[in-house]
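Small disclaimer: the values here were computed from a predicted structure and weren't measured. The analysis underlying the following values was restricted to heavy atoms, covering all of them including side chains, and did not include hydrogens, waters or symmetry mates. Numbered from 1 within each chain, the chains take letters A, B, ... in sequence-line order.
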Number of protein chains: 2
Amino acid sequence: MLSKKTKYGLKALTYIARREEETPAQVGEIAKSESIPQKFLESILLTLRKAGILGSKKGKHGGYYLRKAPSDILMTEVMRVLEGPIAMVPCVSLNFYEKCDDCPDENLCSVHKLMIQVRDSTLQVFRNTTLADLSEKNS
Amino acid sequence: MLSKKTKYGLKALTYIARREEETPAQVGEIAKSESIPQKFLESILLTLRKAGILGSKKGKHGGYYLRKAPSDILMTEVMRVLEGPIAMVPCVSLNFYEKCDDCPDENLCSVHKLMIQVRDSTLQVFRNTTLADLSEKNS
DNA sequence: TATTAATCCTATCGATTTAATAGGGATTAC
DNA sequence: GTAATCCCTATTAAATCGATAGGATTAATA
């Protein structure tokens, strides 16, 4: 299940990408437009900033802006920052690998085999989707 | 993240499918072989039986067996029983659909669009994989 | 029929994670 | 110097997860 954090984060990024003003987008503005609790959104945008996806301007008239063009922001990157591993089990994760306690041999594990396939098919979607795709207004 | 329940369930099903004896497989035997807490496994097999995937024989010399050939047991079915919805958000779930509180219009929601793609690519894996595939011994 | 061994069922518990809130510090425009 | 905004840490309430406990029911068999 996708966490609210990730859902809110994706909505916020889309909002910023679709925006046309030159000034940075403020948390309050985004929260109101997307029906996201403001304080929660604050912490999410902070995470995205620390990950280098967003930049920020502090103080009055401050806010958040994209560090790259929407077409250069891949879903793989966003999802890993917000949701963590893309794989459903750590033993097939490319970026967050961990061995299973119980499994004596990964190559014989039926779950492992299946989850590699799921991971790869999900990765293919995220690698081929950018924030620009999410931000297109037509459905 | 895949729950332990699902992971254990898949391992147990694989164990039963690979087994060659005619007698039903007992919980204790499976638990020991696959390093699964026995009481936890009991409840998982019960779920699979209620869903019609496993059959059981009660009393002494009882145990569990597959109701269908492994090649007729699709991962879509198993995953829905054990893990629940395949979709990452209820608003794109085929079998467990629910509208989002916050979203005024699904067709305009960037998350919705992305998650439909993820759902479809995951479904493609599960629809094309049966318990027989999981149970092949070669990696 | 009594014993044993298995599934079946309900309830509960502890730990973790999630979603959200609280409260204030630091910074900048005006 | 005041108001507006991002920055940061801590806390909380609720939900979920993984596991355990304790026994009821059923069937084989001695």
(message) Using a 4.0 Å heavy-atom cut-off, does A:Gly63 contact any base of the nucleic acid, only the sugar-phosphate backbone, or nothing at all?
(response) sugar-phosphate
(message) Within the 4.0 Å heavy-atom criterion, would you say A:Lys50 contacts the bases, only the backbone, or no part of the nucleic acid?
(response) sugar-phosphate
Find the distance [X]:[atom1] to [N]:[atom2] and express it as a whole number of Å.
X	N	atom1	atom2	result
A:Glu83	C:dA19	CD	P	8 Å
B:Leu41	C:dC8	CG	C1'	14 Å
B:Asp101	C:dA19	CG	P	13 Å
B:Leu45	D:dG18	CG	P	16 Å
A:Gln38	C:dA19	CD	C1'	16 Å
B:Leu82	D:dG18	CG	C1'	15 Å
B:Leu48	C:dC8	CG	C1'	15 Å
A:Lys5	C:dA20	NZ	C1'	13 Å

From [options], pick the nucleotide closest to the side chain of [X]?
X	options	result
A:His61	C:dA29, D:dC6, C:dT7	C:dA29
B:Lys58	D:dA28, D:dT26, D:dT5	D:dT26
A:Pro37	D:dC6, C:dC8, C:dA20	C:dA20
A:Phe40	C:dT28, C:dA19, D:dA19	C:dA19
A:Tyr8	C:dA20, D:dT5, C:dC30	C:dA20
B:Leu46	D:dA19, C:dC8, D:dC7	C:dC8
A:Ser3	D:dT5, C:dA19, C:dC9	C:dA19

(message) Tell me whether the side-chain N or O atoms of A:Gln26 pair up with the base of D:dC6 as donor and acceptor below 3.5 Å, since no angle test is needed here.
(response) no
(request) Mark yes or no for a side-chain to base donor-acceptor pair under 3.5 Å between B:Lys39 and D:dG18, with no hydrogen or angle criteria applied. (result) no
(request) Evaluate whether atom CZ of A:Arg67 has more than 12 neighbouring non-hydrogen atoms of other residues, nucleotides or ligands under 6.0 angstrom away. (result) no
Is there a donor-acceptor pair closer than 3.5 Å between any side-chain N or O of [X] and the backbone N or O of [Y]?
X	Y	result
A:Ser43	A:Phe40	yes
A:Arg119	A:Val92	yes
B:Ser33	B:Glu29	no
A:Arg18	A:Ser135	yes
B:Asp133	B:Thr130	yes

(message) Is the phosphate of D:dC7 approached by A:Tyr64 (side-chain N or O, under 4.0 Å from OP1 or OP2)?
(response) yes
(request) Please state whether the phosphate of D:dT5, meaning OP1 or OP2, lies under 4.0 angstrom from any side-chain nitrogen or oxygen of A:Arg49. (result) no
(request) Rounded to 10°, tell me the angle between the two end axes of the helix from C:dT1-D:dA30 to C:dC30-D:dG1, each built from five pairs. (result) 10°
(message) Is the shortest side-chain heavy-atom distance between B:Val78 and B:Phe126 below 4.5 Å?
(response) no
(request) Answer yes when A:Glu136 and B:Lys113 have at least one side-chain N-carboxylate O distance shorter than 4.0 Å, and no when they do not. (result) no
(request) Nearest-nucleotide wise, let me know which of A:Lys60 and B:Gly28 is further upstream toward the 5' end of DNA chain C. (result) B:Gly28
